[in-house]
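Indexing begins at 1, ligand by ligand and atom by atom, following the structure's order.
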Amino acid sequence: MSPVNREYPSYALRHSTAHVLAQAVEEIFPGAKLAWGPPHDRFENGFYYDFDLPRALTPEDFPEIEDRMRRIIREDHPFRFRVVGVEEARELFADQPYKLETIDNLMGGRDEYGEDRPGDTAISTYTQDSFEDLCLGPHLGRTGEIPADGFKLLDVSGAYWRGREENPMLQRVHGTVWPKEEELDLYLWRREEEEKRDHRRLGAELDLFSIRPEVGPGLALFHPKGALVRVLMEDYWRERHRAGGYDFVATPHVGRSILWETSGHLKWYREGMYPGVAVEDDQYYLKPMNCPFHMLIFNGRPRSYRDLPLRFAELGTVYRYEPSGTLRGLLRVRGFTQDDAHIFCRPDQMRAEIDRVLEFCLSFLAAFGFTEPEIELSVRDPETPEKYAGSEADWEMAEWTLAASLEGQDLPYERVEGEAVFYGPKIDIGILDALGRRWQASTIQFDFNLPERFDLTYVGEDNKLHRPYMVHRALYGSIERFFALLIEHHAGALPVWLAPVQAVIIPVSDRNLDYADEVAGELAAAGFRAEVDRRQERMNAKIRDAQMQKVPYMLVVGNREEEAHGVSVRLRTNENQGMTDLSGFVDRLREVVEAKSGL
Ligand SMILES: [Zn+2]
Ligand SMILES: [Zn+2]
């Protein structure tokens, strides 16, 4: 996930706020030892300062520290720069061991992390009010330029002095600062929304999936409800591909080293692969990609120009050895299912095929409500043509075709030179979620490398052998990632067609249980997923629980509903829609599911 690009207010603002934080903490905790506190980007517009304090800080301490910071801001002290001699600096910071160590490092030609750098001959400080700190700046002119309502302390965490485990553990206080209070409020709202929508948290709350240490990092277990959502996504994918002229193929999870040598993966992609397994004097590798298998299916028999285009599609699970520090829920995993397809065509079919696959991608994403794609066309860097596989003519034709197809469909796009991978130009389609975050989804990518490596050919009208054009294509990209995107985009309240349970039937009393079962039976017969809540709980508790589980419809059935053969409909938004007859509700549900809409 890459957040939308935002402009950062000045470094000086964040830096100055960090100094004010340090002064406030020093005043509140006499004897505090100060380490350092540069601005940083872990949080947007972030800053921090590391402290060694007599006791552990908690967020409950923040209001007092923030009040003290506001006082320093309102007093409007100037930030004053001065250069001091080494001995003077040592006296100034005589009771600050971390500052003394920093001075020694600077003099000894090392930076604050203890890395080599040219030794300093003088030391500079910045002072505001009574607080002086070793510092190179830059700073604002006065503390009063910091917006008193534009900053907030966010959290406190442990951090080793100089980032080294053998050093003392310090307390790092993080904050954020914005030029205007409204900007801070918007940022805090988004941060809270992002936390609420985090698919890892919702995945546990809604019992969708888990990642267990016994299995290994980045390898997800889909629980029944999560697996059902996945199956629905896959079913829809299959239905569209069947109608879209694709042939399904299925390939193994491992292959011999010869396969990955031919494809070039062992040479170019080895660090992204799990190590090989020795079997019968050979090495077998888990597949990081499906492509080589599809190449073998293409050249498994002679192909004629009349056979083309061929479109092979597979939901293929691949394994990639991602560094464990980069793994994040289902967004970055070590095993995932690509909704992969490879299209093989003749030169004269290329434009029509690209038009077709582009339309296919966009209408597929639109079915999930993503109707405003952000499109990038990645082309060669014209300065370094030698970096790329394939002929000049092939590249020109492919780049032209992708651009012509986008323009033919009136799609706005950004052309990025030098972003193409070495084997071909591509179109990347990103989508924006409910919080305005951009997610990479579909890809349409030419490849001039694999057809060459696997010597793919077809017999042309001229009876000679020709090389087909080949395009890789994925719509979801990765089922796991798209699943996570849907959870976060909808804050867990999946559209009705994807909801694992579409309706919970809540009997008013046990006397209505038989009727509740009858309603469930009729819904199931009509092809919907409904459950009866048979627990001995109060009705309101059952409604609340179903809402927490983001079930779209709660159908309350009591004597009145039973007599009228109806249901009283409550939504997960808590809207009460009143009583309706059951067949009317079934019709409405059918419409909503067919339209793939929310409610
Ligand atoms: Zn500073
Ligand atoms: Zn591929």
To the Zn ion (ligand 2), the closest N, O or S atom belonging to His472 is ND1
Would you say the side-chain atoms of Gln171 pair up with the backbone N or O of Leu57, donor to acceptor, closer than 3.5 Å?
-> yes
Stepwise salt bridge (charged side-chain N to carboxylate O under 4.0 Å, His left out) test for Arg82 and Glu88 = CA-CA 12 Å; Arg82 68 176 182 131; Glu88 190 186 352; 3.1 Å; yes
What angle, in degrees and rounded to 10°, do you get at the Zn ion (ligand 1) when you join it to SG of Cys135 and to NE2 of His15?
-> 100°
Atom pair CZ/OH of Arg230 and Tyr476 - distance to nearest 0.5 Å = 10.5 Å
Short N-O contact, Glu353 and Arg311, less than 4.0 angstrom = yes
So, is His294 placed with an N/O/S atom under 2.8 Å from the Zn ion (ligand 2), counting both backbone and side chain?
-> no
